[in-house]
Amino acid sequence: CATQRPAPAALSQLPAQYHVSGRVAVNAAGKGYNARFSWSHASTLDTVDISNPLGQVLARLELDGDDARFFDGSGKLRAADDIEALSERELGWRLPASGLRFWLLGLADPGRPAIWTKLSDANQLEQDGWTIRYPLETAGTAPTRLTLSRPDLEVRIALYDWQLASSTP
Amino acid sequence: GGLEQLKGFLAQTQAFTASFQQTVTQKGGKQQHAGGTVAIQRPGKFDWRYVKPYEQRVVGDGKQLWIYDPDLNQVTRKQLDRALGDSPAALLAGSNDLEKSYRLGELGKRDDLEWIEATPLNRDSGFEKVRIGFKDAQPMAMELADSFGQTTSIRFSGVTRNPKLSAGQFQFVPPKGADVVSAD
């Protein structure tokens with residue numbers, strides 16, 4: 001069966017393409033979710049599939065430049081002016097999709113203010129009202145663990161099966 | 001046919017243990033493999049453990065479903081009857097009367113198994129249809145399809161029918177330090 005490939009070296013900027021699989025555990029003030037997801041980035045299109053432990057897709061997000069599409073479990077397109085608000089309604093927790101495109105790689109979104117802080121056990125990024133922490137032991141490679149938190153919400157993410165196509169300058 | 005073998009399974013099998021291989025095939029053909037072990041005790045009890053490529057445990061204790069993810073140190077708890085989408089074991093464990101909660105249809109023979117199709121009557125069960133393949137009145141394979149062209153196929157191997165299982169097998173006690181959250 002698939003053994004986990006080691007995570008590739010960390011990148012300094014968004015590559016032309018990447019794909020990663022992950023698991024997410026959400027704790028929204030005691031109410032919780034556990035899901036799997038896959039994130040595929042290809043130039044301006046990001047496709048995010050959120051699925052149950054069996055790999056059945058429960059929701060699909062498409063970020064295309066600055067507009068976004070959200071398909072629910074039955075494949076129906078829902079209006080998605082604000083992904084975070086819609087994911088809270090559909091999935092029960094806020095999914096900061098536009099930031100995550102960078103954060104999964106351990107990068108801040110270069111287009112918006114960001115504060116990096118080195119903690120004793122993690123590198124911390126604050127952006128868009130979220131606090132993102134990368135455990136120090138994962139430093140140097142594409143992240144394999146990160147947590148995102150806001151006052152009312154904690155999202156823990158484990159990442160595996162990183163596939164990076166380096167961006168051609 | 002499959003329906004007859006399903007009846008046989010429901011009548012003869014109180015419990016079984018097996019290894020499983022799970023393959024998720026995306027529309028483009030890309031596949032993801034996972035595997036582990038399962039123990040099922042009817043009604044309503046199962047212990048579905050993913051071992052590769054990551055560890056995750058899905059336990060039905062007869063009343064509730066527990067999903068424990070060690071890497072993420074979180075236990076998610078939810079009502080068993082809403083949990084079918086989380087594990088086919090919930091369906092095989094017959095936590096609810098299979099014939100009353102599903103529309104069942106005969107699909108005939110394929111891959112040396114007799115297949116049936118079960119369509120959950122309760123809409124938000126987490127999946128639309130599941131196909132189960134039987135051999136000698138024992139479920140040996142399951143297939144699910146979602147609305148995005150993805151199919152999940154599960155194959156059981158090393159099946160032991162009606163093994164002696166300790167009651168503790170299906171009692172899930174959240175490990176010390178793990179966060180427990182409810183999904184209901």
Side-chain angles (χ1 to χ4, degrees), chain A residues 1-5 19-38 40 47-62 71-77 91-93 135 138 144-148 153-163, chain B residues 19 21-28 30-36 48 50-58 66-78 83-88 123-124 126-128 130 142 144-154 178-184:
Chain A
C1 176
T3 51
Q4 273 180 334
R5 270 193 297 268
H19 178 85
V20 67
S21 301
R23 297 191 319 289
V24 57
V26 176
N27 184 343
K31 200 155 181 340
Y33 301 89
N34 182 291
R36 283 179 46 187
F37 70 93
S38 74
S40 294
T47 306
V48 187
D49 279 352
I50 296 158
S51 51
N52 62 21
L54 281 166
Q56 298 278 284
V57 174
L58 304 171
R60 169 168 291 173
L61 259 68
E62 283 175 354
F71 300 89
D72 66 19
S74 51
K76 206 153 47 69
L77 176 60
L91 301 172
W93 46 284
T138 66
T144 49
R145 278 285 315 288
L146 61 150
T147 57
L148 284 74
L153 179 66
E154 186 187 6
V155 179
R156 294 177 187 161
I157 293 177
L159 295 171
Y160 57 100
D161 267 354
W162 269 106
Q163 287 147 36
Chain B
S19 301
Q21 270 294 338
Q22 174 180 298
T23 305
V24 179
T25 307
Q26 288 167 357
K27 203 157 37 174
K30 189 165 171 297
Q31 285 194 330
Q32 277 202 324
H33 299 282
W48 184 277
Y50 287 100
V51 173
K52 278 205 171 45
Y54 50 77
E55 259 188 75
Q56 189 173 71
R57 193 172 170 214
V58 184
W66 306 80
I67 302 175
Y68 171 48
D69 193 312
D71 289 348
L72 301 176
N73 198 28
Q74 180 167 307
V75 174
T76 306
R77 191 176 36 148
K78 78 169 56 172
L84 299 183
D86 290 295
S87 164
R123 274 314 295 149
D124 66 351
F127 60 88
E128 282 169 37
V130 61
M142 298 180 81
L144 300 100
D146 67 17
S147 320
F148 295 88
Q150 273 198 155
T151 59
T152 300
S153 144
I154 291 166
D179 290 312
V180 181
V181 291
S182 151
D184 295 328

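The chains referred to below are lettered A, B, ... by the order of the sequence lines, with proteins before strands, and numbering in each begins at 1. These numbers were taken from a predicted model, which means no experiment stands behind them.
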Q: Shorter than 4.5 Å, heavy atoms on both sides: which option in B:V24, B:T76, B:I154, B:V75 has the most such pairs with chain A?
A: B:T76

Q: Could you have a look at A:A158, A:S21, A:G30 and say which one has the most heavy-atom pairs with chain B under 4.5 angstrom?
A: A:G30

Q: With only heavy atoms counted, which part of B:Q150 is less than 4.5 Å from chain A, the side chain, the backbone, both or neither?
A: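 Contact with chain A involves both backbone and side-chain atoms of B:Q150.
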
Q: Determine the option with the most heavy-atom pairs under 4.5 angstrom with chain A, choosing from B:T23, B:N73, B:D146, B:V51.
A: B:D146

Q: Check whether B:Q74 gets within reach of chain A through its side chain, its backbone, both or neither, counting any heavy atom under 4.5 Å.
A: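 Both parts, backbone and side chain.
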
Q: Measure up the B:Y54 and B:Y50 rings against each other and bin them: parallel (under 30°), tilted (30 to 60°), perpendicular (over 60°).
A: tilted

Q: Does NZ or CZ of A:R23 come closer than 6.0 Å to the centre of the six-membered ring of A:F37, within 45° of the ring's axis?
A: no

Q: Should the pair B:D69-B:R57 be classified as a salt bridge under the 4.0 Å nitrogen-to-oxygen rule?
A: no

Q: With rounding to the nearest 0.5 angstrom, report the CG to CD distance, A:D49 to A:E62.
A: 9.0 Å

Q: Between A:G73, A:S38, A:G92, A:A35, which shows the greatest number of heavy-atom pairs under 4.5 Å with chain B?
A: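 The candidate making the most pairs under 4.5 Å is A:G73.
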
Q: Are A:R36 and A:Q56 close enough that a side-chain donor and a side-chain acceptor fall under 3.5 Å?
A: no

